[in-house]
2 protein chains.
Amino acid sequence: MDGDTAPVLPLVGGAYDGAVETRELRYFVAVAEESHFGRAAQRLAMAQPPLSRAIQQLERRLGVVLLHRTARGVTLTEAGSVLLREARLALEAVEAAEHRTRRAAADRPGVVLATKAGASRELLSKLLDAYVDAVDVVLCGPGEPERLLRNGRADVALLHRPYDTTAGFDTEDLHTERQVVVLPAGHPLADRPHLSMAEVNTLTGLPLPRWPRRDGSYPDGPGPQVRDHTQLTQLITLGRACAVMPESLRAQLGDDHAIVPVPDAPAVTTVIAWPPHSRSKAVADLVRTAQSL
Amino acid sequence: MDGDTAPVLPLVGGAYDGAVETRELRYFVAVAEESHFGRAAQRLAMAQPPLSRAIQQLERRLGVVLLHRTARGVTLTEAGSVLLREARLALEAVEAAEHRTRRAAADRPGVVLATKAGASRELLSKLLDAYVDAVDVVLCGPGEPERLLRNGRADVALLHRPYDTTAGFDTEDLHTERQVVVLPAGHPLADRPHLSMAEVNTLTGLPLPRWPRRDGSYPDGPGPQVRDHTQLTQLITLGRACAVMPESLRAQLGDDHAIVPVPDAPAVTTVIAWPPHSRSKAVADLVRTAQSL
DNA sequence: TTCCGTTACGATACACGTAAAAATC
DNA sequence: GATTTTTACGTGTATCGTAACGGAA
């Protein structure tokens with residue numbers, strides 16, 4: 001992100017109509033994420049030249065330079081990084097339109113509720129108990145509920161701040177709880193009344209696990225890679241990792257784990273979230289039911 | 001919206017890839033809004049046949065019937081009305097990506113604040129006084145600030161609940177005030193301590209004005225059509241209309257108007273709103289400044 | 001030289017317009 | 001018979017792929 005000066009293209013004639021197509025946005029996001037025309041073209045299952053031309057066309061259309069071309073790839077200009085964020089939102093909105101329309105025409109257009117598998121079990125069972133009417137529960141991995149809600153595959157989701165981003169959704173807080181660290185049974189520190197995050201982070205031989213990012217890749221670090229809760233509990237039992245999690249999850253742990261409160265870990269708030277323009281009575285009822293529990 | 005039964009198209013072969021293009025969404029919105037292929041094609045400056053084909057392609061792609069075709073036009077299916085709402089949001093998001101990218105690359109990428117001309121004058125001048133750095137104020141007509149914020153032409157807006165819809169934005173309340181009815185000076189009811197909305201609505205010879213809808217058309221009714229505040233005050237002076245408005249607007253009225261509180265009219269809250277994914281420090285600063293006033 | 005992005009060119013596919021047909025009131 | 005939508009057909013534009021070119025490390 002070096003401070004370039006002239007990102008606005010001179011308008012030297014051409015068809016500068018404002019009709020940006022989703023295809024162009026998809027192409028741009030691919031190139032921006034790969035920082036490389038070649039890899040992006042491969043990911044898009046096409047050749048580089050048309051991709052290159054499409055990006056040029058987009059830049060001409062917008063009158064803005066989006067990428068710095070270098071010898072070993074591309075980097076985003078300031079305007080380019082703005083477009084990356086905005087294009088993702090726009091593409092999600094288009095995708096959401098598609099999915100919501102399909103589901104509106106489905107044989108049984110029930111409310112789809114997305115939640116992380118394992119989390120909020122008690123809340124969920126009470127909710128489904130009180131509100132039986134046609135609620136399809138989708139249990140998914142970490143971060144997935146938010147994605148499903150954004151791309152229209154779900155109507156409502158149970159999210160967990162601060163892990164999930166609730167920006168752009170309407171939300172109601174349902175429950176707040178403190179976090180604990182889960183250790184293998186018999187660990188030397190298992191009897192401590194509480195631990196700090198600093199102490200947890202420096203537990204020798206017990207690194208925190210690495211969860212996948214939204215794009216599926218894993219951050220660097222010493223901890224083992226985990227994709228779901230089952231993997232995690234097993235790793236803890238094996239003495240290969242510890243984990244900080246909301247204390248309600250203790251109900252799903254066996255006797256071979258020890259639990260110690262971590263007062264300075266951020267509290268986790270379970271919220272029910274829905275798209276702000278939802279006109280669905282079913283969603284409103286579901287939210288109201290959840291709040292009353 | 002007659003209760004049809006089979007809105008899901010049989011998948012009889014074809015390229016059902018999920019690549020919905022904005023062009024298709026634009027076409028669909030036009031047809032849905034016009035309820036008529038011919039008028040929609042005219043509005044889109046194209047012939048009907050390609051429009052008809054494009055809609056068919058969209059329906060095939062989604063696997064959903066969007067329109068009921070009748071002899072004098074079309075009506076939306078349930079799925080179609082869902083798509084209409086979602087497509088508008090998606091198109092706004094695409095447009096926003098376009099505008100925000102352009103402005104990010106502009107020579108002077110200052111914060112653009114949209115507000116209704118005439119409203120919140122004192123607040124606005126205090127805000128600009130406290131926060132001089134590169135704030136471009138766009139004064140616009142009723143309903144416009146919300147639109148500008150949604151389509152990316154503005155970064156922040158001053159909106160007025162319940163008149164504006166703040167759904168999908170992050171907001172902070174700035175100020176709440178009661179509403180008053182403005183009458184021509186010397187009106188028989190000008191000396192009353194207060195009036196009810198029921199009384200205001202039945203003022204003989206003094207109908208409430210009609211404001212334009214988002215699409216520019218006017219609702220039916222007895223009152224005069226108005227597009228801005230100047231027209232309105234003039235009509236009131238002439239004794240052709242009355243108006244219910246926040247009491248702070250009295251500062252902009254001349255001596256030839258009388259004001260009577262209307263306790264049961266909904267209170268108007270001025271809020272500062274911004275897109276929920278805004279990462280701009282300038283916007284955050286501006287919001288904080290506004291709150292502190 | 002090697003890797004990467006761009007330009008050139010020919011072929012295919014897509015979208016459009018005009019004209020004619022089918023369908024509904 | 002009057003609308004309105006749909007099908008048919010020919011044309012033009014735009015996108016794509018292959019191949020050749022230009023530049024930076």
Side-chain angles (χ1 to χ4, degrees), chain A residues 2 4 7 9 12-62 64-77 80, chain B residues 2 4 7 9 12-62 64-77 80:
Chain A
D2 48 16
D4 62 313
L9 287 175
V12 286
Y16 295 102
D17 49 4
V20 172
E21 291 297 327
T22 60
R23 181 179 51 85
E24 299 175 304
L25 296 181
R26 277 182 248 271
Y27 288 1
F28 173 73
V29 170
V31 173
E33 286 181 350
E34 301 288 346
S35 297
H36 193 286
F37 273 84
R39 284 191 296 271
Q42 194 172 348
R43 184 169 121 189
L44 294 166
M46 66 186 291
Q48 295 92 334
L51 179 58
S52 179
R53 263 176 317 193
I55 300 294
Q56 287 177 52
Q57 178 183 353
L58 180 60
E59 288 180 316
R60 209 166 46 238
R61 221 195 272 288
L62 294 171
V64 168
V65 175
L66 300 170
L67 302 168
H68 290 299
R69 278 80 164 171
T70 75
R72 32 171 204 292
V74 296
T75 62
L76 290 171
T77 63
Chain B
D2 48 15
D4 62 313
L9 288 174
V12 287
Y16 294 102
D17 49 3
V20 172
E21 291 298 324
T22 61
R23 181 178 52 83
E24 298 174 304
L25 295 181
R26 277 184 248 271
Y27 288 1
F28 174 73
V29 170
V31 174
E33 286 181 352
E34 300 288 345
S35 298
H36 194 287
F37 273 85
R39 284 192 296 272
Q42 194 172 348
R43 184 170 120 187
L44 294 166
M46 65 187 292
Q48 295 91 334
L51 179 57
S52 180
R53 268 193 312 255
I55 301 294
Q56 287 176 52
Q57 178 183 353
L58 181 60
E59 289 181 314
R60 208 166 47 238
R61 219 196 274 286
L62 295 171
V64 168
V65 175
L66 300 169
L67 302 167
H68 290 298
R69 277 81 164 172
T70 76
R72 34 173 203 293
V74 296
T75 62
L76 290 171
T77 63

Notebook entry, point to check: Could you give the CZ-to-P distance, from A/Arg53 to D/dT13, as a whole number of Å?
Noted result: 17 Å
Check: Near DNA chain D, under 4.0 Å by heavy atom, which residues of residues 27-48 of chain B?
Finding: B/His36, B/Phe37, B/Gly38
Checklist line | Protein-nucleotide distance (B/Leu51, atom CG; D/dT6, atom C1'), rounded to Å | finding: 12 Å
Next item on the list: Establish, with yes or no, whether the OP1 or OP2 oxygen of D/dT5 is under 4.0 angstrom from a side-chain nitrogen or oxygen of B/Ser52.
Entry: no
Notebook entry, point to check: Roughly how many Å is it from CD1 in B/Ile55 to C1' in D/dT5, rounded to a whole number?
Noted result: 12 Å
Note to self: Nearest to the A/Val74 side chain among D/dC16, C/dG5, D/dA8, which nucleotide is it?
What the structure shows: C/dG5
Item checked: Cationic N near anionic O, under 4.0 Å, B/Arg60 to B/Glu24 -> no
Next item on the list: Quick one: pull up CG in A/Leu58 and CG in A/Leu67 and give me the separation to the nearest 0.5 Å.
Entry: 9.0 Å
Note to self: According to side-chain contact (heavy atoms from CB on, under 4.5 Å), who are the partners of B/Thr22, at least two apart in sequence or on a separate chain?
What the structure shows: A/Glu21, A/Thr22, B/Arg26, B/Leu91, B/Val94
Check: Which pair of heavy atoms, one from A/Phe28 and one from A/Leu76, lies closest together, and at what distance?
Finding: CZ-CD2, 3.8 Å
Notebook entry, point to check: Closest heavy-atom contact between B/Glu34 and B/Arg39?
Noted result: O-NH2, 2.9 Å
Check: Roughly how many Å is it from CZ in A/Arg23 to P in D/dC16, rounded to a whole number?
Finding: 5 Å
Check: Between A/Ala71 and A/Gln57, who's closer to the 5' end of DNA chain D by nearest nucleotide?
Finding: A/Gln57
Notebook entry, point to check: Can you check the B/His68 NE2 to C/dT24 C1' distance for me, whole Å?
Noted result: 16 Å
Note to self: Measure CZ/B/Arg72 against C1'/D/dT4 and give the value in whole Å, please.
What the structure shows: 11 Å
Note to self: How many whole angstroms separate atom CZ of A/Arg26 from atom C1' of D/dT15?
What the structure shows: 16 Å
Notebook entry, point to check: Just how far is it from atom CD of A/Gln56 to atom CG of A/Leu51, taken to the nearest 0.5 Å?
Noted result: 10.0 Å
Checklist line | Phosphate OP1/OP2 of C/dG5: any A/Gln56 side-chain N/O under 4.0 Å | finding: no
Check: Can you check whether B/Arg61 reaches B/Val20 side chain to side chain, under 4.5 Å on heavy atoms?
Finding: yes
Next item on the list: Measure from CD on B/Glu59 to P on D/dT5 and round the result to the nearest Å.
Entry: 13 Å
Check: Can you tell which of D/dA8, D/dT18, D/dT15 lies closest to the side chain of B/Pro49?
Finding: D/dA8
